[in-house]
> 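The following block contains the structure, expressed as structure tokens.
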There are 2 protein chains.
Amino acid sequence: MDTENVHCCGSFSERANLDKWIERLQSTGMKLTAPRQAILEYLHNQSHPITNREIYNGISNDCDLASVYRSISLFIKIGFVQQFDFGDGIARFELVEPGSHSHHHHIICNVCSKVIELDHCFPDSLSETIAKHTGFTQITHKLEFFGLCSNCK
Amino acid sequence: MDTENVHCCGSFSERANLDKWIERLQSTGMKLTAPRQAILEYLHNQSHPITNREIYNGISNDCDLASVYRSISLFIKIGFVQQFDFGDGIARFELVEPGSHSHHHHIICNVCSKVIELDHCFPDSLSETIAKHTGFTQITHKLEFFGLCSNCK
DNA sequence: TTTTAATTGCGAATGCTTTGTAATATGCAT
DNA sequence: ATGCATATTACAAAGCATTCGCAATTAAAA
Ligand SMILES: [Mn+2]
Ligand SMILES: [Mn+2]
Ligand SMILES: [Zn+2]
Ligand SMILES: [Zn+2]
């Protein structure tokens, strides 16, 4: 198993991976502050979208809640983080490498809220059909699946 | 043009259509109150999802805002209304005939918020693939499209 | 080290939504 | 039609995620 591809704390490659995000942040001209490092590290250890409050609780007294919100907004603006909506009115966020895996969806259990990351999506032809039909351009979409997980069924 | 299929106030067929919803409400055992009739009528005249506040403003002093929220919750529970999320943190609601058109999506302009109702969706095979891959059952999905409308492009 | 502007912490405010409660209106039985 | 039982309402207050104002702090450049 390649440790590069799993989210486990403490391995050398994970640390190097986190350092890449920190370098990337510095290269944008933004300041490298303690709260931003803590949030980046916490995000990096997650494998599913998490809420601002979860980040706040996860890094405890390292940072104010308002600063978590502000940092997350910044990370979204510079393309580090993507926002997802699981339908409960609480925004969730995930660190995404630019390019490759950035576009993806989730399936959420209606009972226990278990989340599985999905690679599946519909073909681009659907968006193209909708573009022709509506006259819209630059079409994107938000898509999340819901259901009963194997434990809850 | 068939007046049965458009949302225009005052035609006989539209009135009959609204009456069906009122009968349906009575048949559930729920009380037929003035606020519920006003909300039902207002929803019925719309062709896109609308917010609780839009309903409240649309029926003005016929009903309190909290009662709009409570009525909409009821309508969702009994299957009259579906909730949609356009990504701005404000819930939107639409009256949907049971069965046929109940499952559908929208495309929303990122600039002017123009909405177009869509019949398009991806094939069930995608949900089935995801079911096999994740072990989830009873899979549903939320899907909305975004882009630039022909006016804003 | 000094400077300077970005960033933070803290509190307050915002906006959508929910809830408690006494008053009211509906549907039903009389 | 009248009275009754209770579902529903109006109103006010609270809840909760999120945003904002501002003085104090801090990172990065000079
Ligand atoms: Mn994800
Ligand atoms: Mn619709
Ligand atoms: Zn589950
Ligand atoms: Zn537009």
Side-chain angles (χ1 to χ4, degrees), chain A residues 19 21-43 49-78 80-94 113, chain B residues 19 21-43 49-78 80-94 113:
Chain A
D19 286 342
W21 282 109
I22 291 177
E23 286 163 29
R24 256 175 255 182
L25 176 58
Q26 284 179 308
S27 77
T28 65
M30 299 291 109
K31 285 188 179 176
L32 180 61
T33 66
R36 285 172 184 173
Q37 284 188 70
I39 293 167
L40 226 34
E41 177 174 4
Y42 190 76
L43 280 171
I50 53 176
T51 67
N52 278 304
R53 181 160 292 278
E54 284 170 337
I55 297 169
Y56 173 68
N57 292 335
I59 65 181
S60 203
N61 45 12
D62 284 3
C63 170
D64 183 73
L65 179 58
S67 294
V68 176
Y69 275 92
R70 280 191 272 233
S71 295
I72 288 293
S73 293
L74 170 70
F75 292 158
I76 288 178
K77 197 174 60 182
I78 63 181
F80 286 21
V81 160
Q82 252 189 282
Q83 177 170 340
F84 295 95
D85 183 354
F86 287 179
D88 62 356
I90 311 175
R92 285 177 169 76
F93 308 94
E94 193 178 334
S113 297
Chain B
D19 286 342
W21 282 109
I22 290 176
E23 286 163 27
R24 255 176 255 182
L25 177 57
Q26 284 179 308
S27 77
T28 65
M30 299 290 109
K31 285 188 179 176
L32 180 61
T33 66
R36 284 173 185 172
Q37 284 187 68
I39 294 166
L40 226 33
E41 177 174 2
Y42 191 77
L43 280 171
I50 52 177
T51 67
N52 277 304
R53 179 160 291 278
E54 285 170 338
I55 296 170
Y56 174 67
N57 292 336
I59 64 181
S60 204
N61 44 11
D62 285 2
C63 170
D64 184 72
L65 179 58
S67 295
V68 175
Y69 275 91
R70 279 193 265 235
S71 295
I72 288 293
S73 293
L74 170 69
F75 291 158
I76 288 178
K77 197 173 59 182
I78 63 180
F80 286 21
V81 160
Q82 254 189 282
Q83 176 169 343
F84 295 97
D85 183 354
F86 288 180
D88 61 356
I90 311 176
R92 285 176 169 78
F93 308 94
E94 194 177 335
S113 298

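Proteins come first, then strands; the chains are lettered A, B, ... in the order of their sequence lines, and each starts at number 1. Below, all heavy atoms of this structure are taken into account, side chains as well, without hydrogens, waters or symmetry copies. Owing to the predicted nature of the structure, the values given are computational and were not obtained by experimental measurement.
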> Whole angstrom is fine here: how far is it from CZ in B:F84 over to P in C:dC16?
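These atoms are roughly 20 Å apart.
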> Among A:N57, A:I90, A:I72, A:I39, find the residue that satisfies the side-chain contact (heavy atoms from CB on, under 4.5 Å) test when tested with A:N52.
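In the set A:N57, A:I90, A:I72, A:I39, the residue that makes a side-chain contact (heavy atoms from CB on, under 4.5 Å) with A:N52 is A:I72.
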> Quick one: are B:L74 and B:K77 in side-chain contact, heavy atoms under 4.5 Å?
yes
> Measure all distances between protein nitrogen or oxygen atoms and nitrogen or oxygen atoms of nucleotides 23-27 of chain C, and list the pairs falling under 3.5 Å.
{"residue": "C:dT26", "atom": "O2", "partner": "B:K31", "partner atom": "NZ", "Å": "2.6"}
{"residue": "C:dG27", "atom": "OP1", "partner": "B:L32", "partner atom": "N", "Å": "2.9"}

> Could you give the CG-to-P distance, from B:D85 to D:dA17, as a whole number of Å?
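From B:D85 CG to D:dA17 P: 16 Å.
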> How many Å lie between OH on B:Y56 and P on C:dC16, as a whole number?
13 Å
> To the nearest Å, give me how far apart CD (A:Q37) and C1' (C:dT8) are.
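Taking atom C1' of C:dT8 as the reference, CD of A:Q37 is at 15 Å.
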> Using a 4.5 Å cut-off on heavy atoms from C-beta on, say whether the side chain of B:F80 contacts that of B:L43.
no
> Of the options D:dT18, D:dC11, D:dT9, whose atoms approach the side-chain atoms of B:D64 most closely?
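Within the option list, the nearest is D:dC11.
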> For B:D62, answer base if it contacts any base atom (sugar-phosphate contacts may also be present), sugar-phosphate if it contacts only those atoms, and nothing otherwise; contact means non-hydrogen atoms under 4.0 Å.
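The residue B:D62 makes sugar-phosphate contact but no base contact.
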> Looking only at N and O atoms, is any donor in the side chain of B:R53 or the base of C:dG15 less than 3.5 Å from an acceptor on the other one?
no
> Report yes if at least one side-chain N or O of B:Y69 is closer than 4.0 Å to OP1 or OP2 of C:dT18; otherwise report no.
no
> Check whether any side-chain heavy atom of A:R36 sits under 4.5 Å from a side-chain heavy atom of A:F75, and report yes or no.
yes
> Can you tell me how far OH of B:Y69 sits from CZ of B:F93, rounded to the nearest 0.5 angstrom?
7.5 Å
> Ignoring the backbone of A:S71, work out which of D:dT18, D:dT19, C:dT8 is nearest its side chain.
C:dT8
> Donor-acceptor pair, A:T28 side chain versus A:L25 backbone, under 3.5 Å?
yes
> Return the 5'-most residue of the pair B:R70, B:Q83 with respect to DNA chain C, ranking by each residue's nearest nucleotide.
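This one resolves to B:Q83.
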> I want to check one thing: is the phosphate of D:dA7, taken as OP1 and OP2, less than 4.0 Å away from some side-chain N or O of B:R36?
no
> Over how many whole Å does the gap from A:K77 atom NZ to D:dT19 atom P extend?
13 Å
> Send over the distance from B:D88 CG to C:dT17 C1', rounded to a whole Å.
14 Å
> Please report the distance, rounded to the nearest Å, between CG in B:L74 and C1' in C:dT19.
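Checked: the CG to C1' distance equals 17 Å.
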> Grab the two heavy atoms, one from B:C63 and one from B:I59, that are nearest each other, plus how far apart they are.
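Heavy atoms of B:C63 and B:I59 come nearest at CB-CD1, 3.7 Å.
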> Tell me the interatomic distance from A:L65, atom CG, to C:dC10, atom C1', rounded to whole angstroms.
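Spelled out: CG on A:L65 to C1' on C:dC10 is 12 Å.
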